[in-house]
Amino acid sequence: MISDDIHIERFLNIPLDQVVQQFPRVLDEAVQKAKPGQWIRISFLFGPEYTYGDGIMALLGHQINKDMLELAAPNNPVMVRTGLAGMVMNHRGFEEVKKFYGDQIQQFLPEPEPDTLDNLVGSRAGEGNVEKEKNGVCGVCFRQPEQDVLYRPEDLTEIYRLNQSWRAAIGLTLNATALYTGGVIRAYNSLDRAGQMATRFGWAWSWPYRNDFFFDLYFVQATVSRLGQGSDYFWNTGMSPEMGMNCSKLPGTSPEVKKQELPCGYADSDVSRALYEYIKAGGRLAGDHISADGEIDLILDIIERASKDAGMTLDQIRAKRHVAEHMAMWPRPDQIPRIKNLGMMTSGFDINFYEGNADKVLRAYGERGVLQVQPRKSLYDAGVMNSVEIDRPLSEYTNLTYFTVLYHGMTKKNREGKVLAPQEAISREAMLKSVTLFAAYNVLRETVLGSLEPGKWTDLIVLDRDYLTIPIDDIPKIRVLMTMVGGKFIHLVPSLAREWAMQPAGAQVELGGPASRW
């Protein structure tokens, strides 16, 4: 869809040794092809089984760095991206981002210095991935150049349209996340107004670099007033002032572990003030990615204090159904009763087990740490609703699907089949509830979503085998034959289309994805 006339886009989905070998040639070809001033974007994907990530991330700022890009492309803005988060950008790229934001870019700079993306979009932007040297590396702040600067608005809108349709082929009818830039909000609004939303989307406001906005109480009230507003396909679910850090109360297995932790984001006075003012005015926490338990202590304190100062009853607090996300290493057992008492929800990405992040937690924090990685059994037993995240680009270029995520949440197995924290494994029935009814509660639409009942929206999927009865090790093999949202066929594979005398449908079918062969 993005042709070389718009900007130069290249993808490498190859093992690490081949990336190091082929990247200079790919970069040179892109530079030779590009017109002066034209963007170049090169993506290193993590492989069909999502196994190349750690090695590729380690390249950024080292074998692949800003100086290399400067020498190769002095006349073009260049961004090198990985398969999830992480990027390197050259000086020309920085200049284009600064040009777009104008004087406002200074509001993102706690200590302005040239060509450090850490400073370009805020000191907390990398969620632990930011390189402190001036090497152009950042963890998650690719969003600003990609969503606001690099892509034309019409192209970004089309990318998200296709992405929604493609993801419907792995069984998604609903998404919930924070949106981070004006460009992405505009794109989804455009799709919604045009009636082109393939799935439903509950979204949270996120300004992790401009929490000074919340000193303006008019702004706070205006933001709160949007809670729940939108259409049947795109609506607001709350606000997040921070992407939480990996601060933990656990001791760690060595002093080095604690030294590598980043300070709790909510210990920052602007961040805690933003959440306090928003909740006090009647808002709802949503869309916040929390890595460890130390951040949760602060969030619970803020919710309790702001709600009390607003004069809310316990029932009114519970009705907000605040939600904190990721569960990368939280909650601690002693936090669960507080979460339950406040009527909070949790959300987590169980792909952690497949890709080895739980193994890293085990090495760094021991058994206590790994028991806090998506502790779904403890949450279920306590009556805390918890939903499921993907948080990875599954199916777009991998062999993994949504059912891969569910399987590893149910089994607590890593990629090699080793079981970690089996005490926190849950049944397939419980996991199914997490991705249906609990997901509906998460996005404040439980009266119309989450179960098949008269009067609820017609969102459903058809599978090629029985999720509830097949051997559990066959769950990752499940294929989605049909996805329906609002009574419309969003995804329909060729075999079922022939059986029903219909036309196949969906981006995977149209663009030659895996489902086009089913």
Side-chain angles (χ1 to χ4, degrees), residues 174 176 202 204 228 237-238 244 249 279 283-290 292-293 295-308 312-350 352-353 368-389 405-406 408-412 421-453 456 467-468:
L174 171 69
T237 60
K249 295 291 181 66
I279 290 177
R284 177 186 188 242
L285 174 67
D288 204 336
H289 298 174
I290 306 300
D293 56 279
E295 205 79 77
I296 292 297
D297 286 328
L298 297 174
I299 287 174
L300 294 173
D301 289 345
I302 294 168
I303 291 174
E304 289 172 347
R305 181 164 56 90
S307 302
K308 178 182 178 182
M312 295 183 191
T313 66
L314 185 56
D315 285 344
Q316 288 172 328
I317 298 171
R318 290 171 175 169
K320 291 296 179 186
R321 210 178 305 142
H322 298 291
V323 58
E325 301 183 356
H326 268 20
M327 294 197 293
M329 199 178 79
W330 69 270
R332 295 190 313 269
D334 64 288
Q335 291 173 328
I336 294 177
R338 289 184 73 189
I339 292 171
K340 168 65 175 175
N341 184 57
L342 292 172
M344 284 185 64
M345 292 188 63
T346 68
S347 178
F349 57 128
D350 300 85
N352 255 333
F353 287 89
R368 285 181 64 191
V370 80
L371 283 171
Q372 291 179 195
V373 180
Q374 285 89 48
R376 295 195 184 275
K377 183 66 164 58
S378 293
L379 291 165
Y380 268 105
D381 290 348
V384 176
M385 290 188 288
N386 52 100
S387 58
V388 178
E389 304 166 25
V405 178
L406 305 188
H408 288 278
M410 289 182 273
T411 63
K412 302 294 183 180
Q423 306 95 310
E424 292 296 341
I426 59 172
S427 68
R428 67 183 80 191
E429 292 83 1
M431 186 62 84
L432 182 61
K433 199 169 184 179
S434 284
V435 299
T436 53
L437 188 59
F438 289 173
Y441 274 91
N442 184 313
V443 298
L444 310 177
R445 289 293 190 271
E446 68 276 8
T447 60
V448 289
L449 281 177
S451 58
L452 296 177
E453 301 177 52
K456 287 195 172 184
Y467 166 87
L468 292 173

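Here the structure is a predicted model, which is why all the values come from computation and not from measurement.
Within the model, atoms CG of N386 and NZ of K433 stand 10.5 Å from one another, a figure rounded to the nearest 0.5 Å. L371 CG to R332 CZ: the interatomic distance, rounded to the nearest 0.5 Å, is 14.0 Å. From D350, atom CG reaches atom CD of Q374 across 4.5 Å, with rounding to the nearest 0.5 Å. Going from atom CG of L314 over to atom CG of L342 covers 7.5 Å, rounded to the nearest 0.5 Å. In this structure, the separation between NZ on K249 and CG on D334 is 8.5 Å, given to the nearest 0.5 Å.
More than 12 heavy atoms of other residues, nucleotides or ligands lie within 6.0 Å of CG in L468, so this atom counts as buried by the packing criterion. Within a 6.0 Å radius of CZ in R338, more than 12 heavy atoms belonging to other residues, nucleotides or ligands are found.
A salt bridge is absent between K340 and D381; no separation between the charged side-chain nitrogens and carboxylate oxygens falls under 4.0 Å.
Between R284 and N442, the shortest heavy-atom contact is NH2-O, 2.8 Å. Between R321 and L444, the closest heavy-atom pair is NH1-CD2, 3.7 Å. Nearest heavy-atom pair across E389 and E325 is OE2-CB, 3.2 Å. The two residues D293 and Q372 come nearest to each other via the heavy atoms OD1-NE2, 3.3 Å. The two atoms that bring R428 and M410 nearest to each other are CA-SD, 3.2 Å, heavy atoms only. The minimum heavy-atom distance between M327 and L379, with the atom names listed, is SD-CD1, 3.5 Å.
The side-chain contact (heavy atoms from CB on, under 4.5 Å) with M344 is formed by just one residue from the set V384, I303, V323, I336; it is I303.
In this structure, M329 and N352 have side chains that are not in contact, with every pair of non-hydrogen atoms separated by 4.5 Å or more. Two residues are said to be in side-chain contact when any heavy atoms from C-beta on lie closer than 4.5 Å; I279 and S307 meet this criterion. Considering only heavy atoms from C-beta on, E424 comes within 4.5 Å of P375 through its side chain. You'll find the side chain of N341 reaches within 4.5 Å of the side chain of R318, heavy atoms only. A 4.5 Å side-chain heavy-atom check between R445 and L174 finds every atom pair outside the cut-off.
Proximity of a side-chain donor or acceptor of K456 to a complementary backbone N or O of E446 within less than 3.5 Å is detected. No donor-acceptor distance shorter than 3.5 angstrom exists from the side chain of Y380 to the backbone of I426, with no hydrogens or angles considered. A donor-acceptor contact shorter than 3.5 Å is absent between the side chain of W330 and the backbone of I296. Between the side chain of H408 and the backbone N or O of F353, no donor-acceptor pair lies under 3.5 Å. The closest donor-acceptor contact from the side chain of R376 to the backbone of M431 lies at 3.5 Å or more, if one exists at all.
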What verdict does the side-chain hydrogen bond (donor to acceptor under 3.5 Å, both in side chains) test give for Y441 and S387, after you've listed the backbone C-alpha separation in whole Å, the side-chain angles of each residue and the deciding distance to 0.1 Å?
CA-CA 9 Å; Y441 274 91; S387 58; over 6 Å; no
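Using cut-offs of 30° and 60° on the angle between ring planes, the pair H326 and H289 is parallel.
For K308, there are no side chain to side chain donor-acceptor pair (under 3.5 Å) partners, not counting sequence neighbours.
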